[in-house]
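Here the structure comes first, spelled out in structure tokens, and everything after it is commentary.
As the structure is a computational prediction, the values presented were derived from the model and not from experiment. Letters A, B, ... are given to chains in the order of the sequence lines, protein chains preceding strands, and every chain is numbered from 1.
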Protein chains: 2
Amino acid sequence: MDKFANMQAFALVGQTESFAEAARRLNLANSVVSKRIKDLEGYLGTQLLVRTTRKVTLTEAGYTYMEFVRKTLDELEEVEASLLYQTENPVGTIRISLPLSFGMQYLGAALSSYMEKYPDVNVKAYLSDRRVDLIEDGFDVALRLGALEDSSLVAKKLAHSRLVLCASPEYLQKYGRPQAPLDLREHNCLSYLNLAEGKAWPFMVDGKMIWQPISGRFASDNGDLLFQSAIEGSGLVLLPIFIVGEAVERGELEILLQDYERDDFNLYAVYQHTRHLSIKVRTLIDHLHSYFKDALTCALL
Amino acid sequence: MDKFANMQAFALVGQTESFAEAARRLNLANSVVSKRIKDLEGYLGTQLLVRTTRKVTLTEAGYTYMEFVRKTLDELEEVEASLLYQTENPVGTIRISLPLSFGMQYLGAALSSYMEKYPDVNVKAYLSDRRVDLIEDGFDVALRLGALEDSSLVAKKLAHSRLVLCASPEYLQKYGRPQAPLDLREHNCLSYLNLAEGKAWPFMVDGKMIWQPISGRFASDNGDLLFQSAIEGSGLVLLPIFIVGEAVERGELEILLQDYERDDFNLYAVYQHTRHLSIKVRTLIDHLHSYFKDALTCALL
DNA sequence: CAACATAATTCTAAAATATGGAATAATATA
DNA sequence: TATATTATTCCATATTTTAGAATTATGTTG
């Protein structure tokens, strides 16, 4: 028994005071409407309508039930419409996870322009270099830098960037300049704690990626700290170009082993694969995509 | 698509955060619950639940929808329960149509005791000798005296009474005493306007009912007025025993042609035949039935 | 870390249900 | 009284729903 269909039929019969008219409006056979009301009455154990072949009247129970049915059907319509609206016009709050340094530097502007464009969406941005569990921690999207592990999530590439090996001129003068990945064994490597890159660094050798084991006396889970440390001349760092770029331009750091650079260091938006991707997420990703493509090519490169 | 079944499944899945648990509680196969949610999402065009094989979480749209679904299902349950309650505990207002004189004389007590027994039922009693249209005029029950015309209504016999022919001793002395129905042709018959009895009176002759045409100079649609008239000696009347009884005992009227009395003059409760007779009507009829059986046999007889 | 247990989904045949249309009975209108 | 419309019932057909096995995914345990 489709209770909703029955209620709908009941509402129409009550309103039009006619089974035949209700059937016409529903594009159904009279017999169907008749049966639906009968089922409903049987289910409720109460007569809802008094009928002769010429007149249909609500019983007292029918009147009570009709009030409820009408209210419910109206609300249902309203809620469904609002859900539909929400699938077309982004509304609500979007939770996003961002890499720490990258987020601090670039996401402010990118997210402001998004929020300006979609005034009914609030954004909660959580900055962390931890690879959060989207589902577990309730994130709609995570932005991630670098290569991605396999997962059931969808990753959309937003921008290309570079992961560059750097050191200060002072350090290089003192300890020499590495000519190939293997030379890193001889150097103090400032390593990043959150990633695989903490123990070995990736390089391209003859088109293949190799992981060069590293060692060093200082490690941190904060890229900027490593960055500062490198400027002070304490060792080599492997950092995104957007962190070290300005220092390189100022001559405070030099880029090393550029020919061995891995070429798949990208910015990705990572999100759940769903049949019906929420419009909030879709618009945010589209926005970030065009934002980074148009505005930041130079900065990230 | 049974929207209610789907909503119910969705509510349970959201509550238990598990398709399997919801399926168990609904005594359904997992695949059914899965399909119901899928259908609902397809219909609404929105993802409602984010699921891995181990975790189920509401999306924002799902959360919005869940609030509505829970509220609606709760209300539905409540309304259905209240309808059920109404079928077990009479509640509401009952509209009843009563014969005028009879109602004035007997129904006060009968209805008071009913209302005392069922404090949640209000009674609206409309006194009239018109044969009202139950459906058209919105009556739950009508009490009727005498023989019934054929109709789609149900008639329950509540009590037996007598329709007696009377005249005052003075009148009989002056105009003679009828010995058979045919003799009425010679008499002034005070006729009742609302019924068939206005133009001919029924008598039993050799086990068959005959209608004896009558004529007279005074007619009314009010039995008591005819009654008063008869006491004054203005003619013959055919009235229920409960109207004339006391006057007969006092010697103010004499009963005539008692051997020709029709034997099917009953008090009936007339009501719509419905699959689910409302408890109000059922209890009222039961009450009146026992009331007239116990208390009024003598008075009506 | 491999084996295991449980979960959600998909697929398919079988069961359950809904549907339209003809027949029937009832009741207004002219 | 004849006519037209109505609500209901019945029944063959069409549609939908269901359960269960297979598949894929994901925690847990020894």
Side-chain angles (χ1 to χ4, degrees), chain A residues 1-10 12-14 16-43 47-59 62 133-136 149-154 272-276, chain B residues 1-10 12-14 16-43 47-59 62 133-136 149-154 272-276:
Chain A
M1 190 196 87
D2 185 338
K3 201 188 283 184
F4 174 77
N6 294 0
M7 281 166 65
Q8 186 175 247
F10 173 60
L12 260 177
V13 172
T16 61
E17 301 195 326
S18 157
F19 281 64
E21 179 58 25
R24 274 190 290 273
R25 296 204 192 172
L26 289 167
N27 279 311
L28 288 170
N30 288 12
S31 55
V32 174
V33 174
S34 192
K35 182 175 181 305
R36 288 194 180 172
I37 304 298
K38 192 178 130 196
D39 285 356
L40 203 53
E41 290 180 329
Y43 170 76
Q47 187 92 5
L48 295 172
L49 297 162
V50 179
R51 47 256 205 212
T52 68
T53 51
R54 288 285 148 179
K55 213 160 255 148
V56 174
T57 325
L58 287 168
T59 63
D133 182 330
L134 252 69
I135 299 161
E136 178 79 14
E149 71 272 38
D150 274 351
S151 84
S152 62
L153 303 172
V154 177
Q272 281 272 324
H273 170 67
T274 62
R275 231 182 309 273
H276 308 284
Chain B
M1 191 196 84
D2 186 338
K3 203 185 285 183
F4 260 104
N6 294 359
M7 282 166 65
Q8 192 182 29
F10 173 60
L12 260 176
V13 171
T16 61
E17 301 197 325
S18 158
F19 280 65
E21 180 58 26
R24 275 189 290 274
R25 297 203 190 173
L26 289 167
N27 279 312
L28 288 170
N30 289 11
S31 55
V32 174
V33 175
S34 193
K35 183 174 180 305
R36 288 193 181 173
I37 305 299
K38 191 178 130 196
D39 285 355
L40 203 53
E41 290 180 328
Y43 170 76
Q47 187 90 8
L48 295 172
L49 297 162
V50 179
R51 48 254 206 213
T52 68
T53 51
R54 289 284 150 180
K55 214 159 253 147
V56 174
T57 326
L58 287 168
T59 62
D133 183 335
L134 252 70
I135 300 163
E136 179 75 33
E149 71 270 44
D150 273 349
S151 85
S152 62
L153 303 171
V154 176
Q272 280 274 322
H273 170 67
T274 62
R275 232 181 308 275
H276 307 286

Among dA7(C), dT8(D), dT9(C), the nucleotide that comes nearest once only the side chain of Ala20(B) is considered: dA7(C)
Given the options Val13(A), Leu28(A), Asp2(A), Arg36(A) meets side chain to side chain contact (heavy atoms under 4.5 Å, CB included) only with Leu28(A)
Value rounded to 0.5 Å, distance of CG in Leu26(B) from CG in Leu12(B): 5.0 Å
Less than 4.0 Å between a side-chain N and a carboxylate O, is that true for Glu41(B) and Lys38(B)? no
Whole angstrom value for the distance that separates C1' of dT17(D) from CZ of Phe4(B): 19 Å
Separation of Phe10(B) atom CZ from dA8(C) atom P, in whole Å? 15 Å
Select base, sugar-phosphate, or nothing to describe what Lys35(A) touches, counting heavy atoms under 4.0 Å on all strands. base
From dT19(C), dA7(D), dT9(C), pick the nucleotide closest to the side chain of Phe19(B)? dT9(C)
Any donor-acceptor pair under 3.5 Å from Thr16(B) side chain to Glu21(B) backbone: no
Using atom CZ of Arg51(B) as one end and atom P of dT24(D) as the other, report the distance to the nearest whole Å. 19 Å
Which nucleotide in the set dT9(D), dT9(C), dG20(C) lies at the smallest distance from any side-chain heavy atom of Ser34(A)? dT9(D)
Atom CE of Met1(B) and atom P of dT18(D): how far apart are they, to the nearest Å? 13 Å
How many angstroms lie between NZ in Lys3(A) and CD in Gln8(B), if you round to the nearest 0.5 Å? 7.0 Å
5'-most by nearest nucleotide on DNA chain C - Lys55(A) or Asn30(B): Asn30(B)
Touch class at under 4.0 angstrom, heavy-atom based, for Asn6(B) against every strand present: nothing
How many whole angstroms separate atom CG of Leu49(B) from atom C1' of dA7(C)? 14 Å
Nearest-Å distance for atom pair CD/C1', residues Glu21(B) and dA8(C): 15 Å
Phosphate-side-chain proximity, Arg36(B) and dT18(D), N/O vs OP1/OP2 below 4.0 Å: yes
Nearest to the Ser31(B) side chain among dG20(D), dG20(C), dT6(D), which nucleotide is it? dG20(D)
In whole angstrom, what separates Glu41(A)'s CD from dT8(D)'s C1'? 12 Å
Could you check whether Val33(B) gets within reach of a base, just the sugar-phosphate, or nothing at all, counting any heavy atom under 4.0 Å? nothing
Atom NZ of Lys38(A) to atom P of dT19(C): distance rounded to whole Å? 14 Å
Choosing from dA7(C), dG20(C), dT10(C), which nucleotide comes nearest the side chain of Arg24(B)? dA7(C)
